[in-house]
Amino acid sequence: MKSEPGEFGIDDLERRPGQTEPWDGVRNYQARNMMRDQMQPGDRVFFYHSNCEQPGIVGLAEIARAAYPDPTAFDPEHKHYDPKSRPEQPAWLMVDVRFVRKLKRTLTLAELKERPELDGLALLRRGNRLSILPVSPEQWDFILALE
DNA sequence: GCCAACGTTGGC
DNA sequence: GCCAACGTTGGC
């Protein structure tokens, strides 16, 4: 899961009450479907810092709550308001994410790109801009071993 | 700041 | 349904 550290970084997650944060604001159908269909409580995710000096994987988090309606979509005052989403029929969902730990070092995007073992990694696909991306078990183990 | 790569919107 | 215009993402 990507986040801009200037907006909400791994340190912010660590400081949250319960070290848990609702992952609101996702407004992409592919990303929504991944939250809805692929994320269960206890599942682990990489926390990725994007749009910053050193883009890369900085920590581990886990899903604390399965997908449920994103209330920010209902609020006309909110930046992420979307009139297509109504409480009776929510278009947008979010999960709760809980801090697990920071990595001992940042696994930079540049470093991940150098690894032929990660050729198929969705994060490295050309033009990818999704804020939530799949990682296979093999990719997961390989990346963690780089730490 | 630049720009490639997308997703979305809306006219037709 | 097509597609140009536009907005956003995010690395560099």
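Just so we're on the same page: letters track the sequence lines, and every chain starts at 1.
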Between C1' of C/dG10 and CD1 of A/I57, the distance in whole Å
16 Å
In terms of side-chain heavy atoms of A/R126, which of C/dG11, B/dC6, B/dT9 is nearest?
B/dC6
Going by the angle between their ring planes, with limits at 30° and 60°, are A/W140 and A/F46 parallel, tilted or perpendicular?
parallel
To the nearest Å, how far apart are A/N51 CG and B/dG1 P?
13 Å
Residue pair A/R27 / A/S85, side-chain donor-acceptor N/O under 3.5 Å:
no
Could you give the CG-to-P distance, from A/L123 to C/dT9, as a whole number of Å?
16 Å
Just to confirm, is there a sub-4.0 Å distance from OP1 or OP2 of C/dG10 to any side-chain nitrogen or oxygen of A/K2?
yes
Looking only at side-chain atoms of A/S50, point me to the closest of C/dG10, B/dG7, C/dC12.
C/dG10
Under 4.0 Å between a side-chain N/O of A/R129 and OP1 or OP2 of B/dG7, yes or no?
no
Please indicate whether A/E88 has more than 12 foreign heavy atoms, meaning atoms of other residues, nucleotides or ligands, lying under 6.0 Å from its CD.
yes
Using whole Å, report how far CG of A/L124 lies from P of C/dG10.
14 Å
Given atom CG of A/N28 and atom C1' of C/dT8, what is their separation to the nearest angstrom?
11 Å
Protein-nucleotide distance (A/N33, atom CG; B/dG7, atom P), rounded to Å:
13 Å
Looking at B/dC6, I'd like to know if its phosphate oxygens (OP1 or OP2) sit under 4.0 Å from a side-chain N or O belonging to A/Y29.
no
Within this structure, what is the CG-to-C1' distance between A/N128 and C/dT9, rounded to whole angstrom?
10 Å
Can you check the A/R27 CZ to B/dT9 C1' distance for me, whole Å?
18 Å
Give the minimum heavy-atom separation between A/P22 and A/Y68, together with the two atoms involved.
CB-OH, 3.9 Å
